[in-house]
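Below: the structure, in structure tokens.
Here the structure is a predicted model, which means the values were calculated and not measured.
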Amino acid sequence: MDVASQGTDLALQDIRLATVEGGEAGVLIMRSNQLLAVLSQVDEDVYAPQGGWVLEVGFGRLSGCHKIFRSVEEALSWIRSRSCSVALS
């Protein structure tokens, strides 16, 4: 991904999250060079047959939220709806 999300000032960066079994696919979501959230891809074989993405950690208005999304795009829409009114300095 490593690109700005279309239509907003959100930026995404692909990462690998350290786990016991190796690494999981992840995405950092940032706005104005500030980290908003970390998503990890759901292991389809272990956790959910339909797959998806988990909000592992959110910051600011996203703090304490733990959700599963069908896609990164769905997660971005949810994140935008909760963080777009926050003024970042």
Side-chain angles (χ1 to χ4, degrees):
M1 276 174 225
D2 295 336
V3 294
S5 176
Q6 293 181 356
T8 71
D9 58 350
L10 294 182
L12 285 64
Q13 180 179 343
D14 291 332
I15 59 168
R16 299 294 296 174
L17 300 172
T19 62
V20 174
E21 288 115 17
E24 291 181 11
V27 178
L28 298 180
I29 302 174
M30 296 170 281
R31 175 181 285 132
S32 301
N33 211 25
Q34 295 183 359
L35 184 60
L36 291 178
V38 178
L39 301 177
S40 67
Q41 193 167 28
V42 175
D43 185 335
E44 293 180 27
D45 294 332
V46 177
Y47 299 108
Q50 73 277 11
W53 292 83
V54 174
L55 175 63
E56 293 287 351
V57 64
F59 301 95
R61 288 188 175 184
L62 306 177
S63 180
C65 298
H66 299 282
K67 294 184 62 68
I68 296 177
F69 303 96
R70 289 180 295 246
S71 66
V72 171
E73 292 76 19
E74 181 183 338
L76 291 176
S77 178
W78 183 85
I79 289 167
R80 280 186 202 106
S81 72
R82 280 150 185 81
S83 65
C84 64
S85 62
V86 176
L88 299 174
S89 42

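Of all heavy-atom pairs spanning Q41 and E24, the tightest one is O-OE1, 4.0 Å. What you find for L62 and L36 is that their closest heavy atoms are CD1-O, 3.7 Å. Of all non-hydrogen atoms in I79 and A37, the two that sit nearest each other are CD1-CB, 4.0 Å. Closest approach of R82 to R61, counting heavy atoms only: O-CD, 3.1 Å. Scanning all heavy atoms of the two residues, the minimum distance from L39 to W53 falls at CB-CE3, 4.0 Å. Across D9 and R31, no two heavy atoms sit closer than the pair OD1-NE, 2.7 Å.
The main-chain N or O of E74 is never found under 3.5 Å from a side-chain atom of S77 such that the two would form a donor-acceptor pair.
Here the CD-OG distance, from E73 to S71, works out to 4.5 Å after rounding to the nearest 0.5 Å.
Criterion: ILVMFWY side-chain heavy atoms under 4.5 Å apart, direct or through other members. Under it, L10 and M30 are not part of a common hydrophobic cluster. Residue V57 is grouped with residue I15 when hydrophobic side chains (ILVMFWY) are merged at heavy-atom distances under 4.5 angstrom, including chains of intermediate members.
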Using the rule given for side-chain contact (heavy atoms from CB on, under 4.5 Å), can you reason through L12 versus L28, listing the C-alpha separation, both sets of side-chain angles and the distance that settles it, and then say yes or no? CA-CA 6 Å; L12 285 64; L28 298 180; over 6 Å; no

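Residues V27 and D14 are in side-chain contact: their nearest non-hydrogen atoms beyond the backbone lie under 4.5 Å apart.
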